[in-house]
Structure formats: structure tokens, C-alpha cells
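Only one structure is covered here, and it is reproduced in the block below.
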There are 2 protein chains.
Amino acid sequence: MKSPAAGAVGTAATATATNGEGVEKKSINPELWQACAGPLVNLPAAGTHVVYFPQGHSEQVAASMKKDVDAQIPNYPNLPSKLLCLLHNVTLHADPETDEVYAQMTLQPVSSFDKDALLRSDLALKSNKPQTEFFCKTLTASDTSTHGGFSVPRRAAEKIFPPLDFSMQPPAQELVARDLHDNVWTFRHIYRGQPKRHLLTTGWSLFISGKRLFAGDSVLFIRDEKQQLLLGIRRANRQPTNLSSSVLSSDSMHIGILAAAAHAAANNSPFTVFYNPRASPSEFVIPLAKYYKAVYSNQISLGMRFRMMFETEESGTRRYMGTITGISDLDPVRWKNSQWRNLQVGWDESTADLKRPRQPGMPDDDSSDLDSLLKRTMPWLGDDICMKDPQAPPGLSLVQWMNMQQNPSLAHSMQPNYMQSLSGSVLQNLPGADLSLSVRHVITSNASAKQRAVKCPKAASASTTA
Amino acid sequence: MKSPAAGAVGTAATATATNGEGVEKKSINPELWQACAGPLVNLPAAGTHVVYFPQGHSEQVAASMKKDVDAQIPNYPNLPSKLLCLLHNVTLHADPETDEVYAQMTLQPVSSFDKDALLRSDLALKSNKPQTEFFCKTLTASDTSTHGGFSVPRRAAEKIFPPLDFSMQPPAQELVARDLHDNVWTFRHIYRGQPKRHLLTTGWSLFISGKRLFAGDSVLFIRDEKQQLLLGIRRANRQPTNLSSSVLSSDSMHIGILAAAAHAAANNSPFTVFYNPRASPSEFVIPLAKYYKAVYSNQISLGMRFRMMFETEESGTRRYMGTITGISDLDPVRWKNSQWRNLQVGWDESTADLKRPRQPGMPDDDSSDLDSLLKRTMPWLGDDICMKDPQAPPGLSLVQWMNMQQNPSLAHSMQPNYMQSLSGSVLQNLPGADLSLSVRHVITSNASAKQRAVKCPKAASASTTA
DNA sequence: ATGTCGGCGCCCCGCCGACAA
DNA sequence: TTGTCGGCGGGGCGCCGACAT
């Protein structure tokens with residue numbers, strides 16, 4: 001890999017997929033994978049250090065099986081709530097049946113890390129991915145019915161599709177697009193009707209039936225660097241694939257996760273995890289630098305102001321604000337003093353009025369309806385686009401923390417009260433700290449129809465604010 | 001349960017399915033489940049004692065994921081190669097997407113058992129299930145094309161379907177059949193053409209497309225005790241559902257199985273397994289009495305004659321004979337002295353000429369073509385229909401063995417040489433001993449086209465013979 | 001006994017602009 | 001700007017017996 005510290009998906013992950021027998025298959029386009037995963041997903045870069053949360057991994061399995069953990073899981077007292085790991089490898093995958101995207105990561109627990117490792121992780125974070133041009137549309141009843149084709153949003157057609165020859169009557173062309181598996185789909189793109197509009201006609205119904213799409217699912221188009229048209233899907237139907245339960249019991253799965261992590265931690269041997277961004281409630285493999293910033297650059301306390309990113313229905317992002325209303329262990333028996341979902345946050349009602357920042361590929365939508373904004377309630381880790389409020393509580397800089405790590409006695413004494421006395425003079429150099437992994441409950445400050453919307457998110461991209 | 005010792009599926013398993021949230025769903029018809037599972041599948045009865053083989057369980061996962069076990073699996077030195085368990089519960093399931101049948105079993109390791117338990121297990125074995133009337137047909141290209149309907153085998157239509165009114169011209173009726181999920185399918189059943197034949201026309205294409213069936217898949221019809229028509233499917237496409245790999249790594253799955261069993265064995269606490277009869281190479285939960293008969297009623301030795309049951313293409317059964325050519329550990333490092341696949345068997349060429357016993361619901365097929373006979377190479381545990389050969393090596397009777405169990409010093413000294421000296425006078429009371437779990441490699445005694453067919457089966461219902 | 005095919009009737013898929021939101 | 005609908009033309013679904021194996 002030429003640029004090991006790059007954080008963008010395109011360079012962070014080797015975009016190859018191997019099946020169970022080790023046969024190399026078609027590679028997966030990283031930009032398309034990213035588009036299908038959603039705007040807030042950001043995989044850590046291979047070769048960097050990460051923090052792995054067994055609780056979060058277990059949560060993903062529970063979400064995939066729609067089943068909570070049972071009581072018969074043995075304790076693994078030697079398995080800490082978080083593991084410092086070296087991320088050896090990241091490969092992108094897509095389910096051949098459903099096109100669901102997921103990533104495979106090979107992690108190796110390490111007992112310590114050096115300054116270079118931390119800096120590499122921080123550098124990978126800062127390199128923002130080049131947002132490729134894409135558009136995403138939720139399919140309507142007309143789009144998916146057998147009665148007609150696909151109505152293309154005007155801006156999308158003009159921005160993504162090759163330009164039409166308007167001297168033709170009507171203007172039309174043949175579009176060729178490839179999906180995640182490199183399958184080719186061809187559509188007739190025509191500009192007709194009264195008033196004029198862009199339509200995909202011939203070939204569209206084959207796509208709809210072939211991918212088994214229904215109204216409410218989403219389809220997206222992007223152009224890669226070679227100006228090739230790619231397309232992907234995102235299913236609205238969030239019913240968990242209960243399929244896996246025919247192979248392994250839920251208990252065995254959870255035990256398998258914990259035992260595999262415990263075994264790897266005891267032997268410092270590599271282990272493999274799968275991260276499914278659209279099934280998992282939260283990322284459970286966090287870049288070391290991001291983890292540091294979340295935990296050590298701020299003094300987490302009750303009443304602290306909070307900012308978090310959500311994904312909107314149309315694949316946009318939206319800030320949301322709230323206040324920390326509680327700090328406690330999610331599972332005090334099994335995972336004591338874990339930072340996984342130890343914060344409760346009450347969300348502001350007023351933040352619904354915040355304007356969503358315009359992003360490329362995002363249709364213009366100025367709706368302030370909270371219900372629609374949060375229909376896609378799966379939370380995501382956000383880009384580091386949050387600005388630090390000058391009145392934020394003081395924290396430690398990256399350099400300060402590294403120095404403390406090299407001075408064990410000092411690090412050991414690093415308590416909230418001590419941290420509070422440190423100077424926050426270098427804070428402005430730090431992007432917002434992502435605390436999403438710590439967020440548990442979402443509480444509305446006002447009883448209204450909004451309660452329906454905010455019940456679902458359990459965690460999301462979050463930043464402390466004043 | 002009225003008859004706790006019954007071994008038939010209908011009474012052995014509670015035919016209810018619960019989803020992940022504990023909501024009771026429609027019950028699954030046990031006869032239909034049995035028909036879909038195949039003629040050789042025989043689930044142990046709830047309430048009886050069984051022997052659980054972690055190796056076999058792991059094999060099922062490997063087969064489901066089409067991936068062998070990797071090296072990174074930790075050793076579980078305290079987990080024996082077989083666990084004596086009390087089978088608390090058996091529930092029948094069917095995958096809602098694929099109709100694949102599987103069973104969920106709750107096992108609790110026990111350190112000992114009494115005479116009643118052994119007798120109950122033996123009693124459950126002896127109760128033969130009432131073979132319901134059914135027929136099974138492999139779909140042809142014409143059956144699955146959009147050009148026409150389904151050609152019903154004559155005997156099948158006469159035996160299973162309600163009789164037609166032949167005063168009509170042409171004779172026709174509407175058939176209503178329910179699948180495993182209690183979904184209703186209606187077909188027009190007509191007797192027409194030159195020469196006359198039974199056909200399913202209107203409604204058939206909806207079924208084919210709805211179940212996503214292709215030529216080579218099989219469809220089966222049965223009548224339940226209320227004369228209701230039921231239908232099921234068996235897919236020929238044995239491609240493993242790689243879906244589960246998007247949730248959990250193969251390593252974690254294997255670790256999960258072993259760790260769950262080890263934890264349950266250490267605490268004598270219950271654990272849950274899923275048995276998928278059409279994906280698993282062999283059953284890995286064996287009735288205690290069947291295990292006993294396999295291991296203790298015969299002196300296993302090199303050169304011993306061997307008999308095993310296979311499932312034929314048309315859902316029939318077929319005996320196959322061979323000779324034990326080797327006895328050794330499948331995995332000497334991890335599972336020393338395990339009885340799982342420790343026998344190699346060379347199959348007789350001449351056994352291809354054996355007549356298959358006529359069974360209800362099985363179309364007449366006197367083909368002696370070995371290739372076609374063994375196309376369905378997945379092996380199954382068979383019914384106890386094998387007769388004991390008078391010249392068989394001597395073994396222990398059930399009563400003798402029980403007495404030895406109550407006399408530890410005697411049981412401890414129970415060695416092959418010792419057993420050989422015992423009288424075999426009560427042997428005729430014993431059905432053939434099923435050794436299928438121990439069979440590993442299949443070696444043809446003659447190089448020919450038959451080699452292709454016999455490479456695949458790794459184990460099947462087997463009995464020692466002279 | 002039953003798998004495949006030519007014939008062909010008619011259903012419904014799918015392309016069109018009209019309209020409205 | 002774009003979702004839904006009536007209109008309608010034609011491709012293919014699906015029912016039929018012929019024929020072969």
C-alpha cells in the first residue's frame with residue numbers, strides 16, 4: 001500500500017473479496033462500497049492502531065439476529081472491555097444475495113504502542129476522503145411497480161449521467177452501470193413527457209426484480225475516477241437475517257465472539273471480525289486517535305453539551321444536540337467501568353431546526369420535520385467536521401497524552417479532577433472528539449410526536465460541545 | 001407429552017417455532033418436516049439421553065460455510081470428544097426464505113445416567129415412525145419453465161391427490177396445499193392430453209417463482225392425518241449459505257461451538273445446538289442406546305464387513321456394503337481417541353447390485369447405475385432395519401453393558417480383547433449397530449466410473465455385518 | 001408413462017403523455 | 001419538479017395436444 005496512513009476507504013481497505021475456499025474474486029469498488037455504507041461510515045486504515053470493543057461486537061450480532069444476549073454466556077474475566085489492536089487488514093465485501101455491504105478486519109491485540117503508531121492513526125483520521133459525486137433516491141411505488149420505469153431526479157441526472165444529445169427527439173441514450181459484484185445493468189435513459197423529465201425505462205424492471213427491490217428501498221448511482229457509472233442499493237427493510245440462526249445458536253455466537261477475543265488477547269494472536277455498517281448499532285473498531293480524543297480531550301461530566309451526527313433519509317448528515325444526563329455502566333456485572341454506552345444523553349428539541357450542511361450528492365431537503373429526519377435511525381460515526389467550542393471544558397492535547405503514556409505513574413493518576421486542572425490551550429488544534437460509542441439512551445426534553453423518532457437511536461456520531 | 005419414549009418425529013419433537021423475540025409462531029407439521037428432511041433422518045426423542053459430538057457439530061458449521069477449520073482455534077483440553085447429555089427439548093424449524101428444515105435442540109451435559117434413562121433411549125429407538133404417504137419428484141426443465149405446468153407422476157396423483165371425477169371432460173379439480181410455513185398454494189389439477197396424464201397448471205408457475213425453484217430441485221406432497229394436502233421442497237443446489245459469514249468469522253463460529261460446549265460441560269448447564277439435516281455431513285447428536293450399540297455390541301476391527309444406508313435421488317434408501325480398511329484418529333492432535341470418523345471403509349463394487357427395499361412414497365426405480373444412486377451423496381443415519389448376521393463378531397447385550405456400567409472396575413477393564421471373549425448369545429435381540437458417525441473415508445475396491453460417485457460420502461447410516 | 005415442443009390466445013408488462021401535488 | 005394514472009400495443013406467459021422416448 002502506497003499510503004499506509006490514509007484514512008479514506010479507497011486506500012485504507014484492500015478492495016478484494018475472497019470466498020471460503022480462498023479463491024480470489026472480483027474486487028469491490030471502494031467508492032461504491034462507501035456510498036452503499038452511508039456517508040458517516042469511515043473504516044479505520046490498515047496498518048494503524050485501533051480500539052476494539054467486544055461489547056459492541058456482541059451488539060452487532062444481537063442486532064443481526066434480533067435477539068438479546070441470554071444469561072448462559074460465561075464470564076471472561078481476563079477479557080477487558082476494550083482491546084488495543086493493530087489493524088492488519090481490511091477487506092470490503094458485499095453479500096451476493098442481498099448486496100449488503102460489510103468489512104472484514106484482521107486485528108492483533110498489542111500490549112503497547114509507540115508514538116509513531118499514534119501519529120499514524122491520527123494522520124489517517126485527518127485525511128478526509130474525496131467525496132465522489134453520487135446521488136441516492138428512495139424508490140417510490142411508481143418506481144418499483146411493473147407499470148412503468150424510474151423517475152430520475154433532475155439534478156441527479158444532470159450531475160451523474162453522461163449528457164444527453166438534446167438535438168434528438170426525444171433525447172435518449174443507453175446507460176451501462178455496474179453493481180458491487182461487477183454485474184452489468186443497462187437502462188434506456190430518456191428525457192420526455194410533459195413537463196419534461198428524466199426517466200429510466202427499458203431494463204429498469206429487470207433491475208428491480210433482479211435485486212428484489214421494493215418501495216422504500218434506495219438506489220444510488222456514482223461515477224468512479226474513470227467516469228464509469230456504478231450503482232448500488234440500500235434496503236429499507238431492516239429485518240434481521242434470521243438465517244444465521246439455522247447454523248449457530250445466538251448464545252454460541254456471543255460466546256464465540258468473546259472467546260475468540262479472549263484467546264487472541266491472551267496470546268497476542270490475530271483474530272478476524274466482520275463489521276456490518278448497516279446492521280450494527282455502532283462501530284466497535286475505533287481508530288486509536290479517535291478514541292483518545294473522545295476520552296481524553298474532554299472532561300466528560302453530567303450536564304455537558306453534546307453534538308452528534310445522524311444520517312438522514314436521503315443519505316445526508318445532520319447534527320443533533322443534547323445534554324449528558326447520566327453516566328453509568330451499561331452492564332455493571334459483566335463489563336464494569338466500560339466506556340461502551342456509559343453516557344445517557346437528552347436531545348434538544350430545538351436542534352431539529354438546525355440546518356443540515358450541504359454536501360455533494362445530497363438532494364436539497366430543507367424539511368425540518370424531525371420524524372422524517374430521523375427515519376433512518378441507525379447511527380453512524382461522523383466525519384471530523386465538528387468545530388470545537390471555545391467554552392468547552394479543558395482537555396489534554398495529543399502530545400500531552402502521549403507524554404503521560406510514557407510516564408506510567410502520571411498516566412495512572414490521570415483522574416477527572418486532575419485533568420480538569422490542566423490547561424486547554426491547545427484545544428483549538430483538535431477536531432471534535434467523537435463520543436458516539438459512549439452514548440446509550442436518548443431522552444427527549446419534551447413530550448411530543450418527536451418522541452417516536454428519537455426512541456430508536458442508541459448511539460451516533462457525537463461530539464462534545466459547550 | 002403423552003409418550004415420552006416415542007422416537008418418531010411427530011412425538012419426539014415439539015413442532016413449534018419461536019422467533020428471536022420469543023413470539024410463538026405457527027407450528028410446523030412434523031410429518032412434512034420429516035419428509036423434507038429425508039427418509040434417513042431420525043431425531044432423538046426429547047427427554048432421552050444422547051451423545052453429543054463437538055467434532056460433528058463443528059463439521060456442520062464447516063459444511064455450512066464451505067470452509068474448513070482454521071488453525072487459530074484454541075484447544076479445549078477439558079472438552080471430551082463426546083458429551084453425554086440429557087436432551088431437554090427439540091423444536092422443528094424451517095428457514096422462511098429457503099424452506100430449509102432444521103431442528104433446535106437443548107442439551108444438558110450429565111455425568112451419569114441410570115438404567116431407566118438407557119431403557120427410555122432404547123425404547124425411543126425401537127418405536128418406528130409411521131411412514132406417511134408421500135411422493136417426491138425432481139423437477140424437470142419443463143416443470144420449471146414458464147412454458148407450461150407440472151407433469152404429475154401417475155401413481156403419485158392416484159395415491160396422494162383426491163380422486164378426480166372422471167365423468168367430467170376433462171376431469172379436473174382445484175388442489176389446495178399448505179407448505180411448512182402454513183402458506184396456502186392452490187393448483188388446477190387436470191387429467192388431459194394424448195396419452196392422458198395428470199398435470200398441475202394454473203397456480204404452478206406462481207409456486208415455482210415464489211419458492212425460486214429450478215430444474216433439479218425436488219417437490220414433495222404428503223397427506224396428513226386429517227387428509228389435508230401438504231407440500232414441501234428440497235433444493236438440489238447445495239451451495240452453502242455464505243450469508244452467515246457476513247456476521248461472524250468462521251473461526252469465531254468454531255470457537256463458539258467448542259466454548260459453549262465446554263462451558264456447559266463444566267457447569268452441567270444447558271446449551272443449544274442447531275441441527276441442519278441437509279447441510280450436515282452427519283448427525284452429531286446420537287441417541288444413547290444407538291451409540292452404545294454401535295460401540296459395544298460389536299468388536300470393531302480391520303477387515304470387518306460393513307453395511308450402510310444411503311439416500312437415493314428419489315428420496316429412497318439403499319444399502320451399501322464394504323470392509324473396514326483402517327482405524328485411526330481423524331485429528332490426533334486435537335481429538336485423540338475420538339470415535340468421530342475413526343474408521344475407513346472400502347465399499348464393495350458388487351453392492352451396487354443390491355435391491356433397494358421398497359418403501360411407501362418411493363417411485364419404483366430398479367436402476368442399478370451407481371452414479372445415479374449416489375447422486376444425493378449426503379449421508380444419513382438410517383432406520384434400524386438391518387438384520388444381524390449370525391456370523392458377526394460377538395458383542396455385549398444392552399443388559400450386560402448396563403451391568404458393567406454399574407460395576408466401574410469391570411467397565412474400566414472393558415477392552416476389545418475382553419469383549420471378544422464374551423458370549424454373543426443375546427445378539428439376535430439387537431438391531432444392527434449404527435456406526436455411521438465413525439466412518440471417514442470411502443475407498444472403492446475397483447477403479448472405474450464408480451469412483452466419482454463414492455468419493456463424496458464421508459459417513460452414512462452403517463451397520464456391521466459379516 | 002412422461003419430457004419437450006409448436007401453436008396460439010390473451011393477459012399484463014411496460015412505454016406514453018395527462019394531470020396534480 | 002415528480003408521483004400516479006388511463007391508454008394501449010406487443011411480448012411472453014401459459015394452456016393445449018402432438019410426438020418421441
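Where A:G193 and A:T146 meet DNA chain C, the nucleotide closest to each residue was compared, and A:T146 sits on the side nearer the 5' end. Comparing A:H147 and B:S151 by the nucleotide of DNA chain C whose heavy atom lies nearest to each, the residue mapping closer to the 5' end is B:S151. Where B:G203 and A:R154 meet DNA chain D, the nucleotide closest to each residue was compared, and A:R154 sits on the side nearer the 5' end. The nearest heavy atom of DNA chain D to B:R188 and to A:Q194 marks one nucleotide each, and the one closer to the 5' end goes with A:Q194.
Formation of a donor-acceptor pair under 3.5 Å by the B:R235 side chain with backbone atoms of B:D217 is not found in this model.
Rounded to an integer number of Å, the gap from B:L200 CG to D:dG14 P is 14 Å. For the pair B:D143 CG and D:dC15 P, the interatomic distance rounds to 13 Å; values are reported in whole Å. We find that CZ of A:F187 is positioned 12 Å from P of C:dC15, with the value rounded to whole Å. In this structure, A:Y191 atom OH and C:dC16 atom P are separated by 15 Å, rounded to whole Å. Rounded to an integer number of Å, the gap from CG of B:L206 to P of C:dC12 is 10 Å. Between the CH2 atom of A:W204 and the C1' atom of C:dC16 there is a distance of 19 Å, given to the nearest Å. Per the geometry, NE2 belonging to B:H198 stands 12 Å off C1' belonging to C:dT2, to the nearest Å. One interatomic measurement links the two molecules: CG of B:L199 to P of C:dT2, which rounds to 11 Å at whole-angstrom precision.
The side chain of B:S142 places no N or O atom within less than 4.0 Å of a non-bridging phosphate oxygen (OP1 or OP2) of C:dC5. Considering only side-chain N and O atoms, A:K196 lies nowhere under 4.0 angstrom from the phosphate OP1 or OP2 of C:dC16. Close to D:dC16, at under 4.0 Å from its OP1 or OP2, lies a side-chain N or O of B:R192. Considering only side-chain N and O atoms, B:T201 lies nowhere under 4.0 angstrom from the phosphate OP1 or OP2 of D:dG14. Close to C:dC13, at under 4.0 Å from its OP1 or OP2, lies no side-chain N or O of A:S205.
Aromatic ring orientation, A:F150 versus A:W204: parallel (interplanar angle below 30°, classes split at 30° and 60°).
In terms of polar N and O atoms assigned as donor or acceptor, the side chain of A:R197 comes within less than 3.5 Å of the base of D:dG3 in a complementary pairing.
In this structure, CG on A:L206 lies 9.0 Å from CZ on A:F187, to the nearest 0.5 angstrom. In this structure, NE2 in B:H181 is found 7.0 Å from CG in B:D95, a value given to the nearest 0.5 Å. In this structure, CZ on A:F221 lies 10.5 Å from NZ on A:K137, to the nearest 0.5 angstrom.
Among the protein residues, A:T202 comes within range of the sugar-phosphate backbone only, with heavy atoms under 4.0 Å from sugar or phosphate atoms but none that close to a base. Contacts of B:P153 with the nucleic acid, taken as non-hydrogen atoms under 4.0 Å apart, involve only primed sugar atoms and P, OP1 or OP2.
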